[in-house]
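Each remark here refers to the structure printed beneath this line.
Counting starts at 1 for both ligands and their atoms, following the listed order. Since the structure is predicted, the reported quantities are computational estimates derived from the model, not experimental observations.
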Amino acid sequence: MQILHLDSSILGAASVSRTLSSNIVARLVALHPDSKVIYRDLASDPAMHLSGNHLAAWQGAGSPDAELTEDLFKGNSYLQELLESQIIVIGTPMYNLTIPTPLKAWIDRIALVGKTFQYTANGPEGLLKNKTAYIASSRGGMYSPGNPGAALEHQESYLIGLLGFLGISNPAVIRAEGLAINAQFKDAAIAQALQEIAAIGA
Ligand SMILES: Cc1cc2nc3c(=O)[nH]c(=O)nc-3n(C[C@H](O)[C@H](O)[C@H](O)COP(=O)(O)O)c2cc1C
């Protein structure tokens, strides 16, 4: 069993999504002690934004510079790690109503036609079969259904849509939201999320 663990918060040790994602991974490893964990800190070590130079290199233009070569290698590793993992754990805060840009840069390297999805006469088909995903979500405000901000929720919904597009349906979402409301609210939201994590597989 291989677990791919991604984090994308810029807050380091103070990050709630990192706390949640690491607890999810610890719980999964406790359930599957033979697991191998591959970790990517996308905030401290992001991939570059895609550029014309990336496209040119993919189309066979020779001699990319050292920085681009390293970045192309990183993108290939992202894809390989994803293909070889059975479980994906994604730590994502909400930034400006959606996911952090380094997580989007990761997606830009793994959402590849012919590798992770394909277009068919019946519509798009995800090629990632038999994988499960956990989303460790954190946000300052309240965006879950029933809240006034719900229509602005483009973080979890985007990620769930993207994973489904690639063939990974029904990811589990562990969420701590309303973290900027006050300390009491924040503590309660985190405690609730940690309880949900403790119940994974129970
Ligand atoms: C650049 C930036 C943008 C943010 N945008 C939003 C936002 O649109 N909505 C929201 O509720 N919180 C927003 N926040 C607050 C974070 O979602 C919140 O602090 C969350 O706990 C961060 O996750 P973390 O603790 O894992 O870093 C933003 C924070 C940062 C740093």
In order of chain and number, which residues sit within 4.0 Å of ligand 1 by heavy atom? Ser9, Leu11, Ser15, Val16, Ser17, Pro93, Met94, Tyr95, Asn96, Leu97, Ser138, Arg139, Gly140, Gly141, Tyr143, Leu179
Between the side chain of Glu177 and the main-chain N/O of Ala189, is any donor-acceptor distance below 3.5 Å? no
Kindly say whether Met48 contributes a backbone atom to a donor-acceptor pair with the side chain of Asp71 at under 3.5 angstrom? yes
For Phe185, all residues meeting ring pair (Phe, Tyr, Trp, His ring centres under 6.0 Å), sequence neighbours excluded: none
Restricting to salt bridge (charged side-chain N to carboxylate O under 4.0 Å, His left out), what partner residues turn up for Glu70, sequence neighbours left out? none
For Asp45, give me all partners under side chain to side chain donor-acceptor pair (under 3.5 Å), at least two apart in sequence or on another chain. Lys74
Say whether Ile174 and Leu159 are linked into one hydrophobic cluster, either directly or through other cluster members, by side-chain heavy-atom distances under 4.5 angstrom. no
